[in-house]
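Notes to accompany the following structure.
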Amino acid sequence: MSTDFGIKGFLETSFLDWPGRLAAVLFLGGCNFRCPFCHNAELVLAPHLVPSIALGDVLERLRPLRGWVDGVVVSGGEPTLSPHLPELLGRLRSAGFEIKLDTNGSRPEVLAKLFARGLVQAVEMDVKAPLEPGAYTRLAGVPARVELIRASLDLVSLSGLPHRFRTTYVPGLLDAESMGRLRRSLPAQSPFAVQAFDPRRVLDPALSTRAAPSPADLRAAETAAGVFVA
């Protein structure tokens, strides 16, 4: 019997989703956060309405790309919610692909098990806000347990895996001062990136009329967060 791995989207090649690598991308449905700026609303709110893609079909399309595509990014939604994630990653590893996992860091116990089994070769973790309950709840869209986020930060930074933390800068929900507090809560040696909020596709319609950050605003946020700007 085949397993529905909850694959709701498949991108054969991307230069953007694994910095420095050419990667395929799988999108899994379902998320425990409701970030108002999320651009994958259909995967978060109604994954059951998005047809699943069979893993066999994905592997068939990836087979001729092996040796050209460097690896597979497993993203979401929130992939660690899937009970089939270890099997999915194992099948991809058996097919010869390295894995980069995108996560919101809310399930450190799952990350620990995946790392221990060698199923992940790189991690990118979204950090929504300074690690303060009120701020994090506002950006995550649900009551957030910042102690779990902190546990994932420690786990990822000490894993020995290539990793990066990243934050979506949403004017009105974050400012330069809060970006500074956020950065100071992260492991100092870990890479960190700031990406601009895009109002064209958002979960909260109220944000669709909000302007994207200006280049000057984004540079100010990056500078406050200690991101080097060339």
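Please read these numbers as outputs of a predicted model, since none were measured by experiment. Along the sequence shown, residues carry numbers from 1. Basis for what follows: all heavy atoms, side chains included, without hydrogens, waters or symmetry-related copies.
- For Thr137 (side chain) and Ala144 (main-chain N/O), a donor-acceptor pair under 3.5 Å exists by modelled atom type.
- With salt bridges taken as basic N to acidic carboxylate O contacts below 4.0 Å, one links Glu98 and Arg21.
- Between the Arg107 side chain and the Thr80 main chain, a donor and an acceptor come within less than 3.5 Å of each other.
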Trace of the side chain to side chain contact (heavy atoms under 4.5 Å, CB included) decision for Phe15 with Leu22 = CA-CA 5 Å; Phe15 288 101; Leu22 177 62; 3.8 Å; yes
Begin from the C-alpha positions of Leu218 and Val194 and carry the test side chain to side chain contact (heavy atoms under 4.5 Å, CB included) through to its verdict.
-> CA-CA 8 Å; Leu218 189 60; Val194 178; 3.8 Å; yes
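- In this structure, the side chain of Arg93 engages the main chain of Phe97 through a donor-acceptor pair within 3.5 Å.
- Taking a cutoff of 4.0 Å between a charged side-chain nitrogen and a carboxylate oxygen, Lys113 and Glu109 do not qualify as a salt bridge.
- With hydrogens and angles disregarded, a donor-acceptor distance shorter than 3.5 Å links the side chain of Lys100 to the backbone of Asp17.
- Note: Arg117 CZ to Leu89 CG = 9.0 Å, rounded to the nearest 0.5 Å.
- Checked by atom type and distance alone, the side chain of Ser178 pairs as donor or acceptor with a backbone atom of Asp175 at under 3.5 Å.
- In summary, Arg219 and Glu222 do not engage in a salt bridge, as defined by a charged side-chain N under 4.0 Å from a carboxylate O.
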Kindly indicate, with the supporting measurements, whether the criterion side chain to side chain contact (heavy atoms under 4.5 Å, CB included) is fulfilled by Lys8 and Glu42.
-> CA-CA 10 Å; Lys8 301 297 182 180; Glu42 67 279 9; over 6 Å; no
Given the rule in the side chain to side chain contact (heavy atoms under 4.5 Å, CB included) test, do Val58 and Val72 qualify, once you have shown the distances and angles that lead to the verdict?
-> CA-CA 11 Å; Val58 169; Val72 178; over 6 Å; no
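- At least one donor-acceptor pair closer than 3.5 Å links the side chain of Glu78 to the backbone N or O of Asn104.
- Between the Ser185 side chain and the Pro130 main chain, no donor and acceptor come within less than 3.5 Å of each other.
- Here the straight-line distance linking atom CG of Asp126 with atom OG of Ser106 works out to 11.0 Å at 0.5 Å rounding.
- Taking the charged nitrogens against the carboxylate oxygens, Asp102 and Arg166 do have a contact shorter than 4.0 Å, which makes a salt bridge.
- A donor-acceptor pair under 3.5 Å is formed between the side chain of Thr103 and the backbone N or O of Gly105.
- Counting non-hydrogen atoms of neighbouring residues, nucleotides and ligands closer than 6.0 angstrom, the NE2 atom of His39 reaches no more than 12 such neighbours.
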